Amino acid sequence: MPDPGNESSALTTQPRAGAQPASDAVRIDEVRVLDGPNLYFSRPAIKVVLHLPGYLELKRPAAEELARRVGLRSARPGKRGTALRQRFVMRLLRTVMRRLGTEIGAGRLGVRVRAGQTVEQVVVAFPWIHRGRAKVAGEQLGVVMTELLDSSRRPDELIEKAAAVILAAPDGPGPSVLTPTVPVASVTGTNGKTTTTRLMAHMCMAAGLTTAWSSTDGIVVMGETVEEGDYSGPAGARGVLETPGLDIGILETARGGMLLKGMGVTANDVSVVTNVSADHLGLQGIDTLDQLAEVKAIVTTVTKPQGWVVLNGDDPRVWAMHFGIKAKPWAFSLDPASPALWESINAGGRGITVLDGEIVVLSPNGDPDRLVKVVDVPMTLSGLSRNNIANALAGAAAALGLGVPRSAVVEGLRTFAPDPEHNWGRLNTYTLPLPDGAGTATVIMDMAHNEAGLDALLEVARGLAAPGGAVRLGLGCAGDRADEAIVAMGEIAGRGAEEVVLKVAEHYLRGRRPEELLNLFREGLATVGVLDVPAHDTELAALQALVAHALDGDVIALMCHAERTEVDGWVRGQGGTVDDARTIRRKVVAGRGEHELEGEIAALWTMDDAQARVEAAQALVDDHPADARLVFELAGAWDALGDERCAIGLYEQALTGGLREPHRHLAQLQLASSLRVVGRAEEALAVLDEVLATRPHSTAALVLCALAQADLGRERQAVADLVRGTLEATTDVDTQAYRRALRAYADELAPATD
């Protein structure tokens with residue numbers, strides 16, 4: 001008999017001598033105690049996983065006779081080894097377990113039976129009160145099923161015998177699941193759980209409430225970590241709810257804890273499901289997205305009727321969960337026309353979405369409640385991160401559902417930043433000076449641990465890159481992902497980044513060999529033509545390798561799981577700084593080829609008074625003295641006023657100050673033009689050579705070069721260069737027809753230097 005103190009046990013039962021089947025006809029793979037609400041019941045349950053080849057191989061007449069002996073009427077066993085035979089065995093198990101429950105005085109015992117991962121496997125679950133007896137009951141089910149295969153044994157006798165063993169077992173302790181005495185929210189989903197949990201806690205603290213929360217990073221009380229580690233299961237719930245003076249608790253609730261132990265609380269006031277996407281499939285009997293969604297839905301089934309279930313209306317699997325809830329629905333969606341929003345409202349619930357760039361709450365009666373502009377919510381990275389917009393919607397809805405004052409929710413949205421202080425390891429964004437004054441790059445450190453997370457990280461990285469800037473990715477994940485998921489991440493990385501390096505986190509290999517993991521990534525990368533990808537033994541080494549290749553305006557995105565502290569320390573040690581909301585917004589706008597003051601800049605060039613334009617441009621520079629784009633506009637204003645000498649110094653200041661495309665080459669062209677005007681044609685030619693090195697077909701640069709050559713008395717050379725440049729740049733059919741002759745004329749004027 002297994003130790004009754006174990007959470008799960010395995011038991012193999014053999015048939016009696018003379019029984020029909022061969023050995024190992026019935027095997028119990030697992031007897032697991034689920035202390036809280038679970039996949040099968042909203043109360044503690046025992047899960048028994050049985051391997052039943054003896055029943056799958058019974059001849060049909062023997063199976064029919066066995067059904068009659070047990071009292072199973074109208075049974076159709078089906079052919080041996082088929083799924084239909086498995087369904088017959090499931091009915092048989094349910095009948096036997098219920099009869100066993102009646103025999104021990106449990107009345108009409110609730111029994112749930114499910115198909116396992118093979119036709120020979122079946123899962124049985126039933127509720128329990130006393131741990132010791134419940135585990136023995138699970139084990140005795142295997143004993144009874146084994147001995148039933150002996151056609152000489154009477155089912156009544158076997159069930160009575162098993163019941164006696166169960167009743168003789170010690171009661172054992174009762175369930176350890178807690179019943180909260182303060183408002184509690186449970187947050188689950190594939191991605192965004194930790195961010196949403198932290199955001200909600202931030203809002204609660206903004207309201208002056210004593211708040212504790214648990215997540216994959218630990219147990220935190222009022223912003224102070226009291227226990228480090230993965231506390232996204234029942235242990236985290238206990239740690240949170242035992243906090244002295246607690247006003248509100250927020251529990252990140254991961255699939256693993258719910259499958260292995262059940263939820264840590266009997267009920268919650270608010271539940272949140274962020275999304276369901278491929279992650280950890282193939283583990284613990286969960287092989288499909290639909291099965292994963294069923295697990296995530298557990299948190300919604302125990303939400304109090306007067307509470308709120310906050311569901312992602314853009315995820316069909318998540319929104320479908322509203323059919324099984326007792327509480328009120330609260331849909332969140334990035335699409336204000338989403339049907340889920342209206343379904344939620346029509347069911348007496350609420351909705352939350354983005355309308356005209358603002359986060360708004362929708363209710364059955366009344367106008368939309370406008371909370372805050374999306375660009376004023378730092379965690380959204382000025383609206384760049386769609387995932388974090390969704391997390392902001394979910395967190396705001398859940399906090400309001402918990403009764404947090406509206407003002408505190410708005411304050412929380414305005415002040416919760418994607419930085420190490422508020423959301424450690426999730427889209428933490430830095431500005432890193434490159435060696436030898438070569439400009440700056442952006443570094444993003446993110447937990448991204450699956451395909452959806454990697455997609456979201458690359459989307460943000462691309463949005464933060466300067467025009468023409470590259471995305472460089474440090475790729476890696478935990479070893480317990482399915483092979484096809486790792487290959488898929490390699491393909492996503494190859495499509496989304498200009499440079500990829502692989503990294504290994506030893507602590508997260510989880511049974512895989514490093515080379516096996518790396519080869520799967522390389523397989524995915526190769527499908528999109530990315531070959532010879534180097535690998536590094538640490539996350540920090542991967543980052544350093546990417547920084548060595550980075551150019552001004554590039555973004556380095558690191559999937560960081562094990563070395564966040566080391567990476568953060570190294571970046572800061574190189575002079576890197578954490579980006580604040582204003583810096584992030586400036587990068588997002590610049591990534592679109594715009595400026596955060598684009599409206600003010602445009603207004604400059606609507607002015608008719610050139611002197612007033614200079615004064616307005618100077619005021620902008622005075623307010624933002626290190627902004628190269630504004631210095632460039634000021635130079636243009638002086639140029640338009642006719643003061644080329646003043647303009648020249650400002651153009652040079654803008655270029656040395658890091659002015660980027662699409663304005664950098666324009667500044668060079670205008671600088672060259674001004675240098676010509678003041679008689680510095682040789683210097684103008686040098687500047688134009690820089691432009692033509694990267695834009696060889698720039699007509700403006702070719703014309704200015706010709707004019708500068710003419711200024712220097714090199715008219716024949718000017719004409720020749722202009723003809724050659726025009727031949728290279730034009731697509732005119734007539735010109736192309738005379739290409740050889742025109743080229744010869746140019747060579748007569750001045751021999752080609754190329």
Side-chain angles (χ1 to χ4, degrees), residues 117-118 190-191 255-256 275-292 387 425 443-462 465 470-550 554-564 567:
Q117 293 179 284
T118 68
T190 303
N191 293 308
R255 48 153 295 155
N275 47 62
V276 174
S277 62
D279 194 33
H280 292 297
L281 295 181
L283 297 178
Q284 299 157 340
I286 303 302
D287 300 308
T288 69
L289 283 176
D290 289 334
Q291 291 173 333
L292 183 59
N387 279 29
V443 175
I444 309 174
M445 179 173 67
D446 189 65
M447 184 70 174
H449 59 287
N450 52 35
E451 296 127 286
L454 177 56
D455 269 328
L457 173 59
L458 288 171
E459 179 184 36
V460 169
R462 182 63 61 196
V471 172
R472 305 178 189 276
L473 175 69
L475 174 64
C477 72
D480 57 355
R481 268 56 180 177
D483 289 1
E484 55 269 25
I486 299 171
V487 172
M489 279 191 273
E491 183 175 345
I492 291 168
R495 292 185 187 279
E498 280 74 21
E499 180 184 7
V500 179
V501 302
L502 301 175
K503 54 92 177 176
V504 174
E506 290 286 343
H507 180 68
Y508 286 87
L509 286 172
R510 295 172 181 169
R512 279 195 192 268
R513 291 178 294 104
E515 201 57 37
E516 179 187 3
L517 185 65
L518 296 174
N519 286 340
L520 289 169
F521 278 128
R522 289 186 173 118
E523 180 183 338
L525 287 159
T527 63
V528 291
V530 181
L531 307 173
D532 301 322
V533 179
H536 300 272
D537 292 335
T538 67
E539 292 171 341
L540 179 57
L543 172 65
Q544 292 168 333
L546 292 169
V547 170
H549 299 158
D554 286 357
V555 173
I556 301 164
L558 181 67
M559 299 172 71
C560 193
H561 308 103
E563 300 174 44
R564 284 178 279 179
V567 166

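Keep in mind that what you see is a predicted model, and the values were worked out from it rather than measured.
- A distance of 6.5 Å separates CG in L454 from CG in L475, rounded to the nearest 0.5 Å.
- Within the model, atoms CD1 of I556 and NE2 of H549 stand 10.5 Å from one another, a figure rounded to the nearest 0.5 Å.
- A heavy-atom distance below 4.5 Å is found between the side chains of L289 and V276.
- When the shell of 6.0 Å around CG of D537 is examined, it contains 12 or fewer heavy atoms from other residues, nucleotides or ligands.
- Counting only heavy atoms from C-beta outward, the side chains of L525 and L502 approach each other to under 4.5 Å.
- Looking at V547, L546, L540 one by one, the single match for side-chain contact (heavy atoms from CB on, under 4.5 Å) with Q544 turns out to be L540.
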Carefully, step by step, assess R512 and L520 under the rule side-chain contact (heavy atoms from CB on, under 4.5 Å). CA-CA 11 Å; R512 279 195 192 268; L520 289 169; 3.5 Å; yes

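- To the nearest 0.5 Å, atoms CD (E451) and CG (N191) are separated by 10.0 Å.
- When side chains are defined from C-beta on, L457 counts as touching L473, because their heavy atoms get closer than 4.5 Å.
- Looking at P514 and L509, their side chains come closer than 4.5 Å, going by heavy atoms from C-beta outward.
- K503 is listed as a side-chain neighbour of H561, based on a closest heavy-atom distance under 4.5 Å.
- One distance of note links NE2 of H536 with CG of L518; it measures 10.5 Å at 0.5 Å rounding.
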